[in-house]
Amino acid sequence: MKNEVQVIVRPARNVRGTVRLPGDKSISHRYAMLAGIAEGSSRLENYSTGADCASTLGCMRALGVAWERNDKDGNVIEVQGRGLSLNGPASALDCGNSGSTMRMLSGIVAGQDFTSEMVGDESLSRRPMARVITPLSAMGAQIASRGGNPPLRITGATLKAIDYIMPVASAQVKSCLLFAGLFADGETRIEEPLRTRDHGEIALRAFGAKLDHASNGTGNVVRIRGGQRLRGIEARIPGDLSSAAFFLCAAALFRGSQLTVSGLLMNPTRARLLDILMQIGLRISVTQLDEIHGELVGSLQVEGATLTQATIAGADSAALIDEIPVLAAIAPYTEHGIEIRDAKELRVKESDRIAAVASNLRLMGAQVEEREDGLKIPGQQTLHGAELDSFGDHRIAMAFAVAALRAAGETLIRGAESAAISYPAFFQTLEEITER
Ligand code: S3P
């Protein structure tokens, strides 16, 4: 996809309304993969509408997993699980733009008795894969790559369990190794330096696997025994909190805003955004809270107020990694600004998100200090509409549609089609809740 669609965002007066989000992207990927290697069928309601999760389904089909989509009932995917052994794919597994698909699925194909090739688009082809190649090779898979980048050629094996301390805090890597652990002889132990999202652990338990879990102070230690069989589930996937982030931040820009968000994922490893937004002034009340297959789901009532300031660093930067672009995009409208540190992982996401945010904010007339591992953005700035680029990155396109709501004049976003990677209906929903 190359800068095909341009969207114009006009300034707004207020944000008001009710939103219900498509299913969480992280959970959708994991459920689709585990449903494929489970025994029996699974029914996944509210499956993510994003192109990334469609890439995962496409790869599962290429690996011999039968599934059907029923869109009439709200994105229901019915999957016929094959058990742990999949079919060798006839052609390369196309992961599209999705790092999650390539990294997590590599843990499953590494345990098969065939060779698979995994390819991605231009952006994915630049992203680091050594983080999965190193531990999967230690488990016995043979992996060839282009200097640590995709494409990957993975020859599966009967894996050996490892004891692995992850050098980078990454939930994708943790899930990859837990999935590989299912195919290993013995017990795989994974230690993470900082606490990352735990959807892999929760999903494995939902599909019937047993895991041990302990804290190591800052992060987690998870252990899984190989050879466990999974069974299919019926689940409704909670609304995507990282997509809701754009509307929550839009509501944060207007003192009189009122937003209701229902059926939203509230997993504590993902919900740090809510604390930060409350700290800086947004009023958020949780009006309902339930648990589905181990994941917390809730409804929120949100009201805007004056935004103060925030510093995001250390464990918070890992916990908020997908929400930092939109927090940075609203930073100029706060009283005292937002500073982001310890976030150099942002440089190897779908785009270099630190550079992309700095470049777009500057085009809107903002003052920004760009650092190797973050950004410092002063508050009380007045921004003007501008011609911006998404850099082919869904979260950059959506973050700047939000920043544009408080700018003077119109903003044009080039490459706006990239929003469909995680949220095809984003611009439409944003229009529905903005008052002009
Ligand atoms: C994800 C983990 C994060 C995040 C990505 C989804 C996941 O990546 O940025 O959008 O579903 O596990 P890393 O694990 O590389 O930090």
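Indexing begins at 1, ligand by ligand and atom by atom, following the structure's order.
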Exercise. Using distance alone, determine whether Ala171 and ligand 1 share an N or O pair under 3.5 Å.
Key: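 Among all N and O atoms of Ala171, at least one is under 3.5 Å from an N or O of ligand 1.
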
Quiz item: Any N or O of Ser26 that comes nearer than 3.5 Å to an N or O of ligand 1?
Solution: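 So ligand 1 has an N or O lying under 3.5 Å from an N or O of Ser26.
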
Quiz item: With a cut-off of 4.0 Å, which atoms of ligand 1 are near a heavy atom of Ile321?
Solution: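 By the 4.0 Å cutoff, the relevant atoms are 9 (O).
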
Quiz item: Is it the side chain (CB and beyond), the backbone, both or neither of Arg103 that lies under 4.0 Å from ligand 1, heavy atoms counted?
Solution: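 Side chain only.
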
Exercise. Check each heavy atom of Arg197 against ligand 1 and say whether those closer than 4.0 Å belong to the side chain, the backbone, both or neither.
Key: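 Contact part for Arg197 vs ligand 1: side chain (C-beta onward).
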
Is a side-chain donor-acceptor pair under 3.5 Å present for [Y] with [X]?
| X | Y | value |
| --- | --- | --- |
| Glu68 | Asn70 | no |
| Arg341 | Thr311 | no |
| Ser85 | Gln112 | no |
| Lys174 | Thr196 | yes |

Do me a favour and list the nearest non-hydrogen protein atom to [atom] with residue, atom name and distance?
| atom | answer |
| --- | --- |
| atom 10 (O) of ligand 1 | Asp322 OD2, 2.9 Å |
| atom 14 (O) of ligand 1 | Ser170 OG, 2.7 Å |
| atom 8 (O) of ligand 1 | Lys349 NZ, 3.1 Å |
| atom 12 (O) of ligand 1 | Arg30 NH2, 2.6 Å |

Self-check item: Spatial distance of atom CE (Met129) from atom CZ (Arg146) [nearest 0.5 Å]
Solution: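 The CZ atom of Arg146 is 11.0 Å from CE of Met129, to the nearest 0.5 Å.
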
Quiz item: Between Asp322 and Arg197, is there a side-chain N and carboxylate O pair less than 4.0 Å apart?
Solution: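 So Asp322 pairs with Arg197 through a salt bridge.
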
Quiz item: Under 4.0 angstrom from ligand 1, any heavy atom of Ser100?
Solution: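 Per 4.0 Å heavy-atom rule, Ser100 contacts ligand 1.
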
Quiz item: Between Tyr423 and Phe247, how do the two ring planes meet: parallel, tilted or perpendicular, split at 30° and 60°?
Solution: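 The rings of Tyr423 and Phe247 stand perpendicular, inter-plane angle above 60°.
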
